[in-house]
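Any value given below was found using the heavy atoms of this structure, including those in side chains, with hydrogens, waters and symmetry copies removed. Labels below follow one simple rule: chain letters A, B, ... track the order of the sequence lines, proteins then strands, and each chain is numbered from 1. As the structure is a computational prediction, the values presented were derived from the model and not from experiment.
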Amino acid sequence: MIPTQFDYAAPATLDEALGLLAGDGAKALAGGMSLVPMMKLRLAAPEKLVDLGRVSGLRYIKEDGANIRIGAMSTHHDLESSALLAAKCPLLVQTATQIGDVQVRNMGTIGGSIAHADPAADWPAALLACGARVRIASKAGTREVAIEDFFVDTFTSDLQPGELVVEIVVPVDAAGAKSAYVKVHQPASGFALVGIAVHKSNGATRIGVTGLAGKAYRAKKSEAVAADPDKAAAVVAEDVEANSDIHASAEFRKHLAAVHLKRALTSLA
Amino acid sequence: MKITLTVNGKSRTDDVEPRLLLIHYLRETAGLTGPHIGCETSLCGACTVMLDGQAVKSCAMFAAQANGRDVVTIEGLAPAGQLHAVQEAFWNEHGLQCGFCTPGMIMAVKQLLDRNPNPSEDEIRHGIEGNLCRCTGYQHIVNAAKSAATALAK
Amino acid sequence: MATTTAPPITRTKTREPLVGKRIRRREDPRLITGTATYVDDLKLPGMHHAAILRSPYGAARIKSIDIAAASKHPGVVAVYTGADVKDVGPVPCGASLPGLRVPHHHILAQDRVYFVGHPIAVVVATDRYIARDAVDLIEIDFEPLDAVADPEKALAPGAPAVHPEWPDNTAFTYHQAGGDADKAFAEAEVVVKQRITSQRLIPTAMETRGVVADYNIGDQSMTIYSSTQIPHLLRTLVGLMLGQPENKLRVVAPEVGGGFGSKLNVYAEEALMGFVARKLGKPVKWIESRRENYTTTIHGRGHVDYYEIAAKKDGTITGLKVKIIQDLGSYHQLLTPAIPTLSVLMLPGLYKFQNVKAEIVGVFTNTVPTDAYRGAGRPEATHGIERIVDMLAAELKMDPAEIRLKNFPAPEEFPFNTATGLQYDSGDYALPLRKAMEIVDYMKFRREQDEARKQGKLVGLGISTYGEICAFGPSPATPAGGWESAQVDVDPTGKVTVYTGSCHHGQGEETTFAQLAADELGIPIDDVIVGRGDTAKIPYGIGTFGSRGTAVGGPALYYAIQQLKEKIKKFGALLLKANEVEYVDGQCIDPNTGKSVTLAQCAGAAYRAMKLPPGETPGMTATYFWEPPNFAFPFGAHIVLTEVDKETGRIDIKRYVCVDDCGNILNPLLVDGQVHGGVAQGLGQAMYEQAVYDDNAQLVSGELMDYAIPKATMMPWVESSHTITPSPVNPLGVKGVGEAGTIGCSPALVNSVVDALSPLGVKHLDMPLTAEKIWRAANGAN
Amino acid sequence: MKLTGTYSLPANMERAYEALRDPALLTQCIPGCESLDLIGPDEYAMKMKMALAAVSGQFEGKVKLTEPNPPSSFVMLVEGQGKIGFVKGSGAISLKPSGDAATEVTYEGDVNVGGTIAAVGSRLIDTTSKMMIKRFFDKFSTLL
């Protein structure tokens with residue numbers, strides 16, 4: 001219940017924050033919805049916390065030409081209640097409402113969530129499906145990676161020491177685009193046993209899957225045959241080494257992914 | 001480190017360890033034992049307070065994060081000697097038994113009604129998903145939320 | 001059965017009674033404003049904080065403990081290990097069974113640990129953060145040993161011995177029989193057998209346990225504040241453990257944030273904090289984390305049962321044989337071995353067959369001890385009989401309602417003697433079942449079900465008709481006395497304080513007892529307060545558990561008031577100079593003159609004592625200890641309608657209907673609350689909850705992250721109603737309702753899902769009904 | 001928890017067998033391993049720092065290589081204890097040739113985890129163990 005001691009800094013600017021994060025043993029604190037409980041259980045014991053809560057200019061959702069730019073410190077509730085997203089990328093709204101609970105959505109941030117790279121988190125599926133890009137900053141400058149390259153492995157993202165997620169960029173939905181996020185909740189934690197995000201736009205379908213494997217992934221084989229929900233479902237978990245725990249076996253997770261993908265594709269047809 | 005924040009309408013400044021959790025700050029330093037601690041994984045919601053008008057789990061953040069912000073606990077929901085409509089509704093509808101989850105639950109219902117003044121049963125249940133109650137089976141809490149919504153609409 | 005000599009009863013009410021009304025609770029204002037005081041809210045001057053180092057192993061030898069670094073850590077006041085507390089008496093087991101093996105349960109591990117969470121050392125510091133830090137500085141050299149967590153594996157030859165002195169891991173075997181089951185089976189026209197489990201559950205009161213202990217060096221007195229359901233029993237037993245004279249030990253149960261049986265116990269930490277406070281002469285606080293709560297507070301259930309039922313082709317049940325394998329855990333807590341014996345008593349359910357043969361094998365495992373959790377033994381038995389009766393109905397192609405109705409005793413057969421030696425007090429068991437069937441429109445549902453099945457839909461209806469042993473209980477049938485106490489004090493100004501020995505913690509007796517007292521004394525409810533939970537204030541009491549608060553504590557209060565009224569009337573007569581007065585609506589009235597004096601005037605006269613009625617003493621107080629002549633037996637019927645998604649294994653609860661008969665109802669609002677909460681815990685067991693130990697005896701459902709108690713979104717709307725069959729056992733006619741919902745729920749739900757899946761050949765499912773389990777069953781895989 | 005898997009190493013069987021038992025290589029390839037010090041025949045004291053997402057913890061333990069059957073099989077026992085729990089694993093490692101300069105390594109292991117990591121990390125143990133093993137072999141192949 002009680003974390004170990006740490007040094008704390010609450011920088012006001014991004015530059016300052018990046019400077020602090022460049023040091024050894026520093027860990028960024030965004031909403032803290034994953035980090036703080038782990039610190040209380042002493043599974044995490046960072047020497048220095050850099051609280052991003054006061055950094056200005058990291059919390060926004062704005063339209064920029066063909067894209068929507070989302071500041072990394074935007075909370076899940078910011079996304080859930082964004083009229084802009086509801087109109088231009090409703091998949092993110094649909095996903096946000098299914099994250100955790102009200103209090104978690106009020107505090108947790110999209111940047112913190114993806115940086116944590118939890119294989120059962122909700123955002124990865126949705127961001128994969130809508131083809132997001134992640135802007136990453138460090139003292140050395142900024143870079144942008146495609147979301148598919150961002151998730152490397154279980155709890156492992158492409159973020160290098162000293163780097164910070166600063167923005168998520170998603171394309172504005174084309175006219176007539178359709179999308180859905182379907183989630184099977186682990187009954188205790190509320191994490192996704194399986195989460196399937198489907199995004200159909202301009203005749204192309206992108207599918208993001210979370211909860212199933214060591215990291216969230218794009219189900220490209222399913223995308224290729226998305227016009228036929230049965231076929232797409234049959235290959236959604238092909239060649240995937242699925243997770244297994246006390247809540248669901250690998251076999252059941254794969255099955256759920258197939259069923260829910262089929263249903264999602266059918267409902268969007 | 002020094003922090004200054006507003007708690008239930010009053011500003012206070014305290015010297016705290018960076019690792020001091022907001023819930024411990026409220027309970028031990030500020031003497032507000034209304035919010036409770038029921039878990040360490042931020043699932044039970046017994047510690048729920050309002051931070052700048054938004055319901056948060058005060059066991060899942062550090063007091064330092066609340067520096068300069070506005071915190072309202074169950075003790076500050078209504079002026080002394082009065083009850084907020086949500087509190088009154090919990091009382092009228094028997095929305096509590098052992099009472100341990102209640103301060104957090106009331107905050108969650110307040111948050112829900114702030115955002116959605118006329119929620120359906122389903123919306124109420126989702127609104128209190130982050131608050132566990134082991135006594136009531138939630139039914140009287142749902143009734144309390146409905147009755148508070150009616151009272152607040154008047 | 002014992003008979004009680006009761007004082008004469010004066011029935012003196014003219015106004016509309018409060019009893020029976022939906023009255024909002026009097027305890028709520030402090031709870032909804034955050035001003036109630038739970039253990040962790042206490043702050044005593046100079047108070048220290050304790051943190052406990054616990055075993056990460058299911059079984060290990062402790063080769064060495066190094067506390068040097070922890071002791072030297074700034075702010076640490078003391079560190080104690082097993083060696084320091086070896087002379088403190090063992091954690092007590094109050095249950096006795098023939099041949100019971102009782103391991104010596106030290107409050108801190110000695111040279112060996114027996115379960116994950118086993119306490120090893122305690123750090124006392126000036127601050128709880130420092131205490132926690134110092135725990136990490138203790139170095140222990142463990143030699144890990146093989147552990148076993150599954151009771152059936154523990155019984156297998158060659159299994160690791162939990163306690164080396166008893167290599168068969170068997171704590172006891174127990175047999176009970178009534179009638180001649182062997183003959184019934186020999187003559188049976190049909191026999192159905194099934195292994196039925198009732199999985200390990202974690203009670204999960206929202207407030208974890210916590211203890212504050214204080215010691216006054218001057219007068220050598222100790223006070224223990226503990227989140228407990230049984231302050232007096234705790235005083236007696238912790239006093240014995242610590243050698244602290246009971247009259248110098250006060251136990252206070254402040255506001256208690258839920259118990260469900262998990263706080264009906266005496267725990268190592270309660271004695272440990274007393275030990276520390278006495279050693280240091282300082283108050284000390286220990287608050288359990290949720291993780292500790294899951295690994296050290298008792299668990300519930302843990303049954304593997306083998307059922308066999310014998311019947312005639314017409315559905316008449318003739319006999320039952322059951323073997324219960326009870327997972328006891330590593331030690332006996334207060335009632336651990338007794339819990340399955342309650343299951344045996346309840347085996348026949350509501351049915352009248354007279355041939356029962358039961359065996360219990362109590363098994364040690366490297367796990368937290370099991371003990372009383374909501375229902376304690378009765379849910380297991382009810383689940384078993386209600387499942388096997390459904391299976392029998394299926395075998396005979398009979399309607400599950402019809403087979404039940406056929407086997408109930410008729411109303412005129414009460415009091416009804418069961419095959420297991422109980423005497424059911426009163427009942428009409430068909431009544432709630434018929435009412436529930438009417439509410440769901442049973443025949444219509446069955447027709448619709450046929451239609452739905454033709455369309456490939458999996459819809460089911462499940463019935464459970466339950467009975468339960470409540471109002472624990474006659475003293476000869478309980479380990480520590482089954483009576484309850486009450487005291488009624490009238491102040492010189494006429495205000496009334498009622499003290500009850502029961503120790504409610506959310507059940508609402510602060511309201512129902514005030515209703516009762518206000519009615520009986522004919523005064524406004526606002527003139528009554530109800531005190532509880534402090535051994536310095538209240539007469540010795542038993543506590544709140546086993547649906548006994550109202551059913552045993554209530555009558556004690558009722559009789560105390562009757563006794564007091566005799567005294568009030570004597571003072572009334574004195575003041576009115578009358579030979580005899582009537583007591584009506586809070587006033588003594590001289591029937592000849594019509595003159596009256598108030599209760600306050602009578603009480604004032606009794607305290608001033610200028611003049612006393614002949615043979616009467618000053619003061620206005622009465623104390624009554626009530627011994628119940630029998631248990632009370634509530635009953636009811638729950639019907640659940642479900643639809644199952646074959647592809648995803650999702651269960652959709654369409655309707656939840658329950659009709660409970662708990663005798664007379666003091667406050668319908670609170671009874672509804674008890675039913676809803678009970679159903680939630682039954683539903684939790686049926687669908688979600690499961691304490692999972694891995695092969696290494698690690699509790700892998702060790703936090704709320706993995707142990708799923710129902711959330712608001714998981715609960716159906718519960719349609720609750722009642723029939724009322726007063727109990728003849730007590731003057732209030734009440735039966736108890738705390739556990740009814742839990743007991744009635746799980747078999748109804750499972751029966752409903754099995755019914756839904758029956759077209760696919762599914763005959764039985766064990767709990768919890770996880771989506772994966774349903775999917776596998778529905779798709780013929782396992 | 002049971003774990004099995006197969007990896008291909010770019011070396012012949014003899015070379016692969018030797019390398020898999022080489023403490024210097026093992027130190028570099030066991031994720032988080034800081035040191036392996038010989039304390040007995042084929043037995044090493046290990047210091048390890050696990051860092052995975054926010055989780056971090058120091059472990060001290062042992063690595064023991066037993067049942068040597070060169071060049072086709074041996075058993076590796078690994079155990080570590082730290083404040084956040086303990087890990088104990090055993091793996092039967094078998095090698096078979098796959099072409100001239102490659103070896104197919106199959107492991108059949110059993111991992112037991114205790115303490116906080118077991119109590120709160122059940123959903124992660126499976127995934128994480130697999131990832132650690134994969135990291136081990138990926139690094140190993142590179143260094144071979």
Side-chain angles (χ1 to χ4, degrees), chain B residues 17 19-20 24 27-28 31-44 46 73-78 80 83-84 86-103 106 121-122 124-142, chain C residues 22 24-25 27-38 40-41 43 128-129 203-208 255-260 287 289-291 293 505-508 667 669-670 672-681 683-684 703-705 709-715 717-718 720 741:
Chain B
E17 257 195 292
R19 64 168 167 165
L20 183 69
H24 284 142
R27 291 177 50 82
E28 315 273 330
L32 296 165
T33 55
H36 296 138
I37 302 169
C39 73
E40 46 266 0
T41 49
S42 81
L43 280 162
C44 83
T73 70
I74 186 75
E75 289 95 332
L77 194 55
L83 293 177
H84 186 275
V86 177
Q87 290 171 308
E88 186 85 35
F90 269 70
W91 189 10
N92 289 338
E93 300 294 337
H94 188 32
L96 61 149
Q97 289 179 28
C98 83
F100 195 76
C101 75
T102 309
I106 287 175
E121 183 191 332
D122 197 46
I124 293 168
R125 289 182 186 275
H126 276 96
I128 58 172
E129 214 175 359
N131 296 71
L132 298 175
C133 169
R134 193 61 158 160
C135 291
T136 63
Y138 304 101
Q139 194 151 316
H140 283 164
I141 296 175
V142 170
Chain C
R22 295 176 81 86
R24 66 181 186 172
R25 295 199 315 176
E27 42 271 77
D28 287 358
R30 64 175 184 271
L31 298 168
I32 56 179
T33 52
T35 50
T37 304
Y38 297 85
D40 196 16
D41 302 339
K43 223 174 189 177
R128 71 169 86 191
Y129 280 50
T204 320
M206 290 321 299
E207 182 205 27
T208 58
E255 208 77 61
V256 174
F260 317 113
I287 300 297
S289 68
R290 179 58 66 191
R291 175 93 195 288
N293 181 256
H505 43 281
Q507 293 86 352
N667 186 332
L669 189 61
L670 307 201
D672 282 350
Q674 288 296 313
V675 171
H676 299 161
V679 167
Q681 288 186 15
L683 182 140
E703 281 278 5
L704 282 165
M705 298 284 294
I709 69 168
K711 298 174 183 175
T713 43
M714 301 174 180
M715 287 300 299
W717 190 259
V718 176
S720 170

Would a distance-only check, ignoring hydrogens and angles, find a side-chain to backbone donor-acceptor pair under 3.5 Å from [X] to [Y]?
| X | Y | value |
| --- | --- | --- |
| W717(C) | Q139(B) | no |
| Y38(C) | F100(B) | yes |
| R25(C) | Q97(B) | yes |

Partners meeting side chain to side chain contact (heavy atoms under 4.5 Å, CB included) with R128(C) (sequence neighbours left out) |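 With sequence neighbours excluded, R128(C) shows a side chain to side chain contact (heavy atoms under 4.5 Å, CB included) to I2(A), H24(B), E28(B), D40(C), H49(C), K285(C), I287(C), given in chain and number order.
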For each of [options], tally heavy-atom pairs with chain B at distances under 4.5 Å, and name the one with the top tally.
| options | result |
| --- | --- |
| E27(C), R291(C), E255(C), R22(C) | R291(C) |
| G259(C), G684(C), A36(C), A712(C) | A712(C) |
| T208(C), D672(C), I709(C) | I709(C) |
| L670(C), V675(C), V679(C) | L670(C) |

Non-hydrogen atoms of P710(C) and L132(B) that approach each other most closely =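 Nearest heavy atoms, P710(C) then L132(B): O-CD2, 4.3 Å.
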Exercise: identify the closest heavy-atom pair between C98(B) and L31(C) =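 Closest approach of C98(B) to L31(C): O-CD2, 3.9 Å.
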Counting only heavy atoms closer than 4.5 Å, note whether [X] contacts chain B via side chain, backbone, both or neither.
| X | result |
| --- | --- |
| S289(C) | both |
| E207(C) | both |
| Y129(C) | both |
| Q674(C) | both |

Are I32(C) and H84(B) side-chain neighbours, meaning at least one heavy-atom pair lies under 4.5 Å?
->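 Sidechains of H84(B) and I32(C): no contact.
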Tell me, please, which residues at least two apart from S720(C) pass side-chain hydrogen bond (donor to acceptor under 3.5 Å, both in side chains).
->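 For S720(C) there are no side-chain hydrogen bond (donor to acceptor under 3.5 Å, both in side chains) partners, ignoring immediate neighbours.
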